Amino acid sequence: MADTTAAKDDLGATEREIITTRLEKAEALRALGVNPYGNGVSPRHLAADLQARYGEAPTEEIARDPGAWSLAGRVLAVRSFGKAAFLKVRDRSGELQVWVKKDKLGEAGFERFKLLDVGDLIAAEGPATRTKTGELTLEALSFTILTKATRPLPEKWHGLTDVEQRYRQRYVDLVVTPGVREVFVKRAKIVSGIRRFLDARGYLEVETPTLHKPEEAGGAAARPFETHHNALGLDLKLRIATELHLKRLIVGGLDRVYEIGRIWRNEGIDRRHNPEFTSIEFYQAYATHDDLMTLTEELFQALAVEVSGGPVISFQGQAIDLTPPYPRISMVLEAARALGLSGEQALSGAGLGEALARAAAGIAEKEPAWKLSEAAKKSPGEAIAVAFEILCEPKLPVDRPAFVVDFPLETSPLSRRRDADPRLVDRFELYVAGMELANAFSELNDPADQRARFEAQVKAKVAGDDEAMPFDEDYVRALEHGMPPTAGEGIGIDRLAMLLTDSASIRDVILFPLLKPQA
RNA sequence: GAGGCGCUAGCUCAAUGGUAGAGCAUUGGCCUUUUAAGCCAGUGGCUGUGGGUUCGAGUCCCACGCGCCUCACCA
């Protein structure tokens, strides 16, 4: 019977009544010879085709054109007049009004039409016309309900505003919330734009393992998800970065490689973090981190133009100009200056402890003050990084991106040492709108140095740093075969999508963000 | 993990501690140029869950669940 499906579910009386009624309509359609879940209908046109064909053409011109247009899509609104109705229909290209009239459809056709509900998927065919109000409209000579929607859509004016439901039922969100579809179209453009950009520069797209043996799960400071392969009896981790495998390919002579792929990090969830996210990492042999700054500027400008229509974007009310060049801001010098020291003093640790204590005393909030004073116990390089984060990061430019350069060695276990100052590495991070969007460096290719850095990581891990990297012996072996001088970069695709779609939360650029199960 | 805010009909929202309401949707009636169509008449509720205070709880208290924001961790 029609209501068995509805009765099984945990529904309120109103919703059950709606579903029951719609199931009865589906049965009524069957009785009239219409399969409420039919197929085999392929529309020959899109809503956008009619707009493109007629544009602002006057009514008389459209009337001269006998064109039989054929559309299919979801009915989003119905304005019914008894023997005629106007439907708002949407397909993947846009929306178009469909005008259904009893005298055009005939008695039988109109009986079938009367079983329509908002939300149903339909196909219609007929000539175009312009209504009295000037709206381009398809006048249906034939009309079919293709798929019966048995659940009601949210209210037509306010739509779905409960963000929890929007994320849990993204299929509804995409139907009723304006702009959601556009965000994901833009996200797709960003990814394809990056591919085109790198492909044009001779890069090869590759895929590396996402299941890592425990010793492989490095390339970043993060805690991994753990899993298990039954047949091999092998504990595995989901990758936290693609870095170490991609650089093995540089050793292998592929020279320019990139991978766009999913990364998993077993950490907190907030506006800028989802446990699984998408990164692009690319590596270019015979390039330096300076080369990558230029390349990054070109890429970001190109993507802004492609996705937003110009280099100046608007993010959360702030105009941001992505036109190169972006300022380079020295982590060491800025942190030192904020502490009242010279860069040399900060790096050598001279007066650093006192300066950190002074700075901590000058901060009202407890947490950052505590972090600053704790930093005095760390190495100068680590202390500089902490001081920069607390004292300088909030002061980075807001109306344009900024490269942070001059990273201390201790914070960068895979980066190449600077020839001019071995306490620093050739590394930069790109900050836009307060978000870290990219991280890049000239790669460390000295296997002995890499071995020492891994050993330091292992020591840190033993000392309690559960984000320190494991010792990847095979990666050192690869370096021993010789990796050409190389620069590499990673970009967070989700954050880039946030930036270019003006989205405040990473959940707004991930189709199905991770949420706790409902009670 | 900590703090703040929220959870009422399918959806969007009301309701001094005193009979849970409206709009949309839905159902029935009228209507062949509407744009959140209109007019008339109906239906629809375990107020997130569980305790407590009270003569009486959507409202006050406690616990729990889910979400959002801020912070911590992090990209």
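No hydrogens, no waters, no symmetry mates; every other heavy atom, side chains included, goes into these values. These numbers come from a predicted model, not from an experiment. A note on names: the letters A, B, ... follow the listed sequences, proteins ahead of strands, and every chain is numbered from 1.
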So, OP1 or OP2 of [N]: does either fall under 4.0 Å of a side-chain N or O from [X]?
| X | N | result |
| --- | --- | --- |
| Lys371(A) | C73(B) | yes |
| Gln165(A) | C11(B) | yes |
| Thr161(A) | C13(B) | yes |
| Arg507(A) | C68(B) | yes |
| Lys516(A) | G65(B) | no |

Measuring from the side chain of [X] (C-beta onward, heavy atoms only), which nucleotide among [options] has the closest atom?
| X | options | result |
| --- | --- | --- |
| Arg271(A) | C31(B), A72(B), C69(B) | C69(B) |
| Lys25(A) | U27(B), G67(B), U32(B) | U27(B) |
| Arg265(A) | A75(B), U27(B), C66(B) | A75(B) |
| Ile18(A) | U33(B), U26(B), C66(B) | U26(B) |
| Glu155(A) | A75(B), C11(B), A72(B) | C11(B) |
| Thr131(A) | C11(B), U33(B), C73(B) | U33(B) |
| Glu164(A) | C66(B), G10(B), U34(B) | C66(B) |
| Val163(A) | A75(B), G67(B), U34(B) | G67(B) |
| Asp270(A) | G10(B), U27(B), A72(B) | A72(B) |
| Pro154(A) | U34(B), C13(B), C11(B) | C11(B) |

- Relative to the 5' end of RNA chain B, which residue comes earlier, Gly134(A) or His158(A), by the nucleotide with the nearest heavy atom? His158(A)
Is [X] salt-bridged to [Y], cutoff N-O under 4.0 Å?
| X | Y | value |
| --- | --- | --- |
| Glu207(A) | Arg239(A) | no |
| Arg416(A) | Glu443(A) | no |
| Glu410(A) | Lys378(A) | no |
| Lys114(A) | Glu111(A) | yes |

What integer number of Å spans the [atom1] atoms of [N] and [M]?
| N | M | atom1 | value |
| --- | --- | --- | --- |
| G6(B) | U16(B) | P | 15 Å |
| G58(B) | C7(B) | C1' | 11 Å |
| C13(B) | U33(B) | P | 35 Å |
| A9(B) | A72(B) | P | 36 Å |
| G10(B) | G51(B) | C1' | 30 Å |
| U8(B) | A15(B) | C1' | 10 Å |
| G42(B) | G23(B) | P | 12 Å |
| U47(B) | U59(B) | P | 10 Å |

Scan every strand shown for a Watson-Crick or G-U wobble partner of [N], both distances under 3.5 Å, and answer none if you come up empty.
| N | result |
| --- | --- |
| A75(B) | none |
| U27(B) | A41(B) |
| U33(B) | none |
| G65(B) | C7(B) |
| A20(B) | none |

Closest contact, heavy atoms only, [X] versus [Y]:
| X | Y | value |
| --- | --- | --- |
| Lys148(A) | Leu116(A) | NZ-C, 3.8 Å |
| Arg170(A) | Ile510(A) | NH2-O, 2.8 Å |
| Tyr54(A) | Ile62(A) | CD2-CG1, 3.7 Å |

- Check if the side chain of Gln97(A) and the base of U34(B) share a donor-acceptor pair of N or O atoms closer than 3.5 Å. yes
- Message: Please identify which of these residues, Lys88(A), Glu139(A), Arg79(A), meets the side-chain hydrogen bond (donor to acceptor under 3.5 Å, both in side chains) condition with Gln97(A).
- Response: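 Passing option: Arg79(A).
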- Task: Mark yes when over 12 heavy atoms from residues, nucleotides or ligands other than Glu182(A) sit less than 6.0 Å from its CD; otherwise mark no.
- Result: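 Count over threshold, so yes.
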Please list each protein N or O that sits under 3.5 Å from an N or O in nucleotides 37-40 of chain B, with the distance.
from   : atom 1 : to        : atom 2 : distance (Å)
A37(B) : OP1    : Lys156(A) : NZ     : 2.4
A37(B) : OP2    : Arg79(A)  : NH1    : 2.8
A37(B) : N6     : Ser80(A)  : O      : 3.0

